[in-house]
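For reference, the structure is listed below as C-alpha cells.
Reckoned from all heavy atoms, side chains included, excluding hydrogens, waters and symmetry mates. Residue numbers start from 1 in every chain, and the chains themselves are labelled A, B, ... in the order their sequence lines are given, proteins ahead of strands. Only a predicted model underlies this, so the values are computations on that prediction, with no experimental measurement involved.
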Amino acid sequence: MRILYFAWLRERIGKSSEELEPPPGVDTPRALINWLRARGPGYAEAFSDEKPVRCAIDQEFQPLDAPLGTPKEIGFFPPVTGG
Amino acid sequence: MRILYFAWLRERIGKSSEELEPPPGVDTPRALINWLRARGPGYAEAFSDEKPVRCAIDQEFQPLDAPLGTPKEIGFFPPVTGG
Amino acid sequence: MRLVAVQEQDFDAGALLARLNSAGTGGMASFTGIVRQLPGGGLRALRLEHYPGMTEKALERLADEAEARWELTGCVIIHRVGRLEPGQNIVFAAASSAHRGDALAATAYLIDQLKTRAPFWKAEEMESGATHWVEAREADDEATAAWSETANATNLPRGQGRL
Amino acid sequence: MRLVAVQEQDFDAGALLARLNSAGTGGMASFTGIVRQLPGGGLRALRLEHYPGMTEKALERLADEAEARWELTGCVIIHRVGRLEPGQNIVFAAASSAHRGDALAATAYLIDQLKTRAPFWKAEEMESGATHWVEAREADDEATAAWSETANATNLPRGQGRL
C-alpha cells in the first residue's frame with residue numbers, strides 16, 4: 001500500500017510517500033504506526049507520540065483504531081490547520 | 001417646521017416637503033396627522049389609515065404618540081423596505 | 001476603516017474588499033444584495049427612494065453599533081438608490097476582523113438592522129407599466145428583534161438560517 | 001453554480017462574486033481569509049501544504065452539505081496553497097441564495113467546517129529564518145462541533161460571534 005506523510009511527519013521521516021507491504025496482523029493505523037516506528041530513527045521520532053497523529057484511509061479521515069482493511073493508500077499527518 | 005413625505009405618502013399628497021406652522025395643541029405626530037388630514041383630499045387619502053404610517057422627528061424614528069417638541073423637521077413615511 | 005455611502009452609482013465588491021483588507025485584518029465577511037426577479041416574473045426595475053440626511057445618520061449608527069459589539073478592523077455599508085434592474089446590486093455590507101466569527105456576525109447584523117432601521121423604500125416597476133410600493137416583511141422585523149434578545153452578547157441570533 | 005478549487009495562484013473575490021451573481025440570486029455572502037501578521041510581528045510568510053486528491057474531495061463534500069442544508073443558488077470554496085505573505089489571500093468561501101440568512105449561514109458553515117475537515121497544514125516562516133508548524137486550535141474544533149448540535153437545523157450555532 002501507498003503510505004503518505006504530511007507536514008512535520010513528512011519532514012521527520014524525510015519522504016512524502018512510499019510503497020510498503022506491512023505484514024499480516026497490522027490491522028489498524030495504530031498497528032501500522034508501531035510497525036513503521038521500527039523502520040528507523042526518523043520514523044521513531046515522527047511517531048514518538050501518537051497523540052498528535054491523525055490518519056486518512058483511502059482519503060477519508062479515520063480514527064487510529066479503525067480497521068485498516070486493504071486500502072490503496074493511507075496518509076499520516078498532524079491535526080489540520082487550514083482556512 | 002419642515003414636513004417631509006416619502007414613498008406613497010409623497011405620491012398621494014403630491015409633494016415631497018413643505019414648511020408649515022401647526023397651531024398650538026398639535027403636540028404629537030398623531031395630532032399633526034389629524035391636522036394635516038384636513039388640508040385637502042390628498043392628505044386625507046394619504047393619512048386615511050394611520051397604521052402603516054411611521055415618522056421621524058429631526059431624523060430619528062419616533063412613535064406617533066411621542067412628544068413633538070419644536071423640531072426643525074418631521075418626516076412621514078410607510079414602514080421601511082431597504083436592503 | 002469605515003465607509004458608509006448612499007449612492008446611485010454601482011459599487012465594486014472586489015475593490016471594497018481590497019480596501020478593507022488594506023486596513024490590515026485576518027478575515028473579511030461581506031453580503032451583497034441583488035435585485036431579484038419576482039417568482040412569476042414581470043419585474044422591470046426597482047425604484048429606491050430614501051430620506052437624505054437621515055439615511056446616512058442611520059447607517060453610521062449601525063456601523064457604530066457593530067464596531068462597539070465586535071472587534072472589527074473595518075466596516076462598510078453601501079446602499080444604492082434610484083432605478084435598479086433585476087441582477088443589479090442594491091446593497092453591500094462588509095466587516096473585517098482578526099476573528100472570523102466577528103466579521104461574519106457583524107456583517108449579518110448590519111444587513112439585518114439595515115432592513116428595518118434605515119429609511120429606504122422600494123417601488124416595483126412592472127413590465128405591464130404598473131408600479132407598486134413594496135410592503136415591509138414581518139420576517140425582517142423578527143430578524144432585527146432577534147439581535148436585541150442577545151443585546152449584550154456577540155452571538156448570532158438563532159433563527160438566522162431562514163430569515 | 002459550484003466552484004471548488006485548491007490552487008497556488010491568487011483569486012479575485014470581486015470576479016468570484018460576479019460569477020455567483022450571474023447564476024441568478026437575491027444575495028451573496030462571502031468570507032475571505034487573509035494571512036495575518038503575528039501579534040509580535042516577525043512572520044515572513046505562511047507555507048501551506050495539503051493532501052492532493054483528498055482535499056478536493058473534502059471541499060466538495062462541504063459544498064454538498066451546505067447545498068443540502070440551505071437553499072443555495074451557488075457555492076464557492078477556493079483555498080490557496082504554497083507560500084503566502086501577510087496581507088495575501090488564503091481562502092474564499094461564498095454562497096448565494098434567495099434568502100440572505102441562508103447565504104450568510106452557509107458561508108459561516110463552509111469556513112468553520114473547512115478549518116477542521118480539510119487536509120491543509122500551515123507552517124510559519126519567520127524573519128529569523130526559523131520555521132514552525134502551526135498547531136490546531138481548540139476553538140476551531142468547537143466551531144465545527146457547534147454545527148452538529150444543530151444537525152437538522154439551519155440555524156447558525158450560538159457562540160459564533162467569538163470563534
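Within 6.0 Å of CD in C:E127 there are more than 12 heavy atoms belonging to other residues, nucleotides or ligands. Within a 6.0 Å radius of CZ in C:R44, other residues, nucleotides and ligands contribute more than 12 heavy atoms. Within a 6.0 Å radius of CD in C:E60, more than 12 heavy atoms belonging to other residues, nucleotides or ligands are found. Around CZ of C:R19, the count of heavy atoms belonging to other residues, nucleotides or ligands within 6.0 Å does not exceed 12. Annotation: D:E8, atom CD; neighbour count of heavy atoms from other residues, nucleotides and ligands within 6.0 Å does not exceed 12. A 6.0 Å sphere centred on CZ of D:R117 holds more than 12 heavy atoms belonging to other residues, nucleotides or ligands.
Your options are C:G26, C:A103, C:A18, and the one with the most heavy-atom pairs under 4.5 Å with chain D is C:G26. For chain C, the option among D:A15, D:G14, D:G27 with the highest count of heavy-atom pairs below 4.5 Å is D:G27. The most heavy-atom pairs under 4.5 Å with chain D, out of C:L20, C:I111, C:D12, come from C:I111. The choice from C:S30, C:A29, C:A13 that makes the most heavy-atom pairs within less than 4.5 Å of chain D is C:S30.
In this structure, D:R100 contributes its side chain and C:G33 its backbone to no donor-acceptor pair below 3.5 Å.
Note that CD1 of C:I34 and OG1 of D:T73 are 8.5 Å apart. Values are rounded to the nearest 0.5 Å. The distance from atom CG of D:L17 to atom CG of C:N89, rounded to the nearest 0.5 Å, is 9.0 Å.
Interface remark: C:A93 contributes no atoms to any contact with chain D (heavy atom separation under 4.5 Å).
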